[in-house]
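What follows is a short report on a single structure.
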Amino acid sequence: MHGLGNDFVVVDGRPWPLGLSPARIAALADRHRGIGCDQFITLEPLAADAPGEAPAEADVFMRIHNPDGSEAGACGNATRCVASLLMAETGRDHVTVRTVSGDLPCERLPDGTVRANMGHPRFGWDEVPLAEAMDTAHLPLALGAVSDPAACSMGNPHATFFVEDLDRLDWRALGPQLERHPLFPDRANIGFAQVLAPDHLRVAIWERGAGPTLACGSGACATLVNAHRRGLATRRARVELPGGALELEWRLDGSVLMAGPVATAFTGQVELDHFAA
């Protein structure tokens, strides 16, 4: 599946455990020798909160892995894709997707797009996280033509640099160096954003563990949040990514809503034993 070209392999691990090691996930995510994806998504059964208790209100647990096999805490476009699958399964227009970062309510809008509530951004230096205490609205970080990013967590770490002209920036060369900067102990997703208007932003994102992708939902959310913190954007905006646009709103209650299209590229079966254990 994909959201604006941000593509995922989604496997159903609810009937039984699939035995997916990081090495096997990386092999399956390989675009030349496997299936290929930006993130590898596993649907898992909900665990009971305590012995004898029923699971809390959610429809599925979604586990997210980067193509290098490492686990991620959030993926907005994958959340919307999984929500679309669950809506088709259940016949409902409202579902809740559980992740390691929390429960994410989703709904299908009248125009057929899917909107996810991505929860509340976090701004503490230790919540992003950063290597030391500092103001997350202005990080003392510069490389080449970019400097002074803002950082937040959307369930995963994001740093957003604001630039005058995205087309004139070689962000693909900057991204891998910034992702692994010592300031980010868990690495970070790096966004390069151009403000076209207070309600219209453009961004390219170097994803932690994945590199350049056509879209990044949590990165789009972080872009709007950080732009509003800087006084550059309103709380509602259209965010343009290389693969298309998302409609975002940072509500007064603190949660971030993200709406956009989803698509199924193909379905099939794979013999897991053919890939690294």
Side-chain angles (χ1 to χ4, degrees), residues 1-8 10 38-39 41 58-60 62 64 72-99 101-121 152-156 158 160 189 191 193-205 207 213-229 232-265:
M1 302 188 74
H2 71 91
L4 304 178
N6 186 195
D7 63 334
F8 316 103
V10 184
D38 289 329
Q39 274 82 33
I41 308 299
D59 293 278
V60 75
M62 177 181 76
I64 309 159
C75 184
N77 285 318
T79 300
R80 297 189 305 101
C81 284
V82 168
S84 179
L85 285 176
L86 294 173
M87 291 172 190
E89 269 187 14
T90 64
R92 307 198 318 261
D93 288 330
H94 294 79
V95 297
T96 297
V97 178
R98 177 162 296 169
T99 71
S101 300
D103 287 359
L104 307 178
C106 304
E107 62 181 323
R108 189 178 302 281
L109 300 179
D111 64 359
T113 60
V114 175
R115 182 166 67 189
N117 185 326
M118 295 298 295
H120 293 224
C152 69
S153 171
M154 288 300 310
N156 51 359
H158 289 271
T160 310
N189 299 280
Q194 179 181 352
V195 179
L196 302 175
D199 62 351
H200 190 187
L201 308 175
R202 184 179 173 218
V203 64
I205 297 166
E207 281 201 56
T213 59
L214 291 176
C216 175
S218 63
C221 294
T223 299
L224 174 62
V225 166
N226 285 330
H228 184 75
R229 295 170 74 198
L232 301 173
T234 56
R235 299 188 79 97
R236 296 185 66 174
R238 182 179 180 87
V239 177
E240 300 274 354
L241 299 120
L246 294 168
E247 300 294 334
L248 299 177
E249 179 182 1
W250 187 15
R251 300 197 305 184
L252 293 176
D253 67 6
S255 61
V256 182
L257 302 182
M258 176 186 61
V262 302
T264 298

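Position 1 is the first residue of the sequence, and the numbers go up from there. In this text, all values refer to a predicted model and were calculated from it rather than measured experimentally.
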| Quick check: are there more than 12 heavy atoms from other residues, nucleotides or ligands sitting under 6.0 Å from CZ of R229? |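 Enclosed.
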Tell me, do [X] and [Y] make a side-chain contact under 4.5 Å, heavy atoms counted?
X: E247; Y: R238; result: yes
X: L224; Y: E249; result: no
X: L104; Y: N117; result: no

Which atom pair, heavy atoms only, marks the closest approach of [X] to [Y]?
X: A74; Y: M154; value: CB-O, 3.3 Å
X: V256; Y: P121; value: CG2-CD, 3.9 Å
X: V114; Y: A83; value: CG1-CB, 4.2 Å
X: C216; Y: N6; value: CA-OD1, 4.0 Å
X: G260; Y: T113; value: O-CB, 3.4 Å
X: I205; Y: A220; value: CD1-N, 3.8 Å

From [X] atom [atom1] to [Y] atom [atom2], the distance as rounded to the nearest 0.5 Å:
X: H94; Y: R115; atom1: NE2; atom2: CZ; value: 8.0 Å
X: T96; Y: L86; atom1: OG1; atom2: CG; value: 9.5 Å
X: Q194; Y: E240; atom1: CD; atom2: CD; value: 11.0 Å
X: S218; Y: M118; atom1: OG; atom2: CE; value: 6.0 Å
X: I64; Y: C75; atom1: CD1; atom2: SG; value: 5.5 Å
X: M1; Y: D7; atom1: CE; atom2: CG; value: 11.5 Å

| query | Between W250 and L248, is a side-chain contact (heavy atoms from CB on, under 4.5 Å) present by the stated rule, with each step listed? | reply | CA-CA 7 Å; W250 187 15; L248 299 177; over 6 Å; no
| task | Please collect all salt bridge (charged side-chain N to carboxylate O under 4.0 Å, His left out) contacts where either partner lies in residues 72-89, sequence neighbours excluded, each pair once. | result |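 Counting only pairs at least two positions apart or across chains, the salt bridge (charged side-chain N to carboxylate O under 4.0 Å, His left out) contacts touching residues 72-89 are R14-E89.
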| request: Determine, stepwise, if the pair L214 / H2 fulfils side-chain contact (heavy atoms from CB on, under 4.5 Å). | output: CA-CA 10 Å; L214 291 176; H2 71 91; over 6 Å; no
| Within the distance-only criterion (no hydrogens, no angle test), does the side chain of H158 pair as donor or acceptor with the backbone N or O of C152 below 3.5 angstrom? |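 No; judged by distance alone, with no hydrogens or angles, the pair does not exist.
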| Donor-acceptor contact below 3.5 Å, side chain T234 vs main chain P198 |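 Flag set: sc T234 to bb P198 pair under 3.5 Å.
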| task | Classify the side-chain pair D38/T213 by whether it contains a donor and acceptor separated by less than 3.5 Å. | result |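 On atom types as modelled, these side chains do not qualify, holding no pair under 3.5 Å.
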| query | Pick one: which of V262, L241, L246 meets side chain to side chain contact (heavy atoms under 4.5 Å, CB included) with N77? | reply |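 Testing each of V262, L241, L246 against N77, the sole residue satisfying side chain to side chain contact (heavy atoms under 4.5 Å, CB included) is L246.
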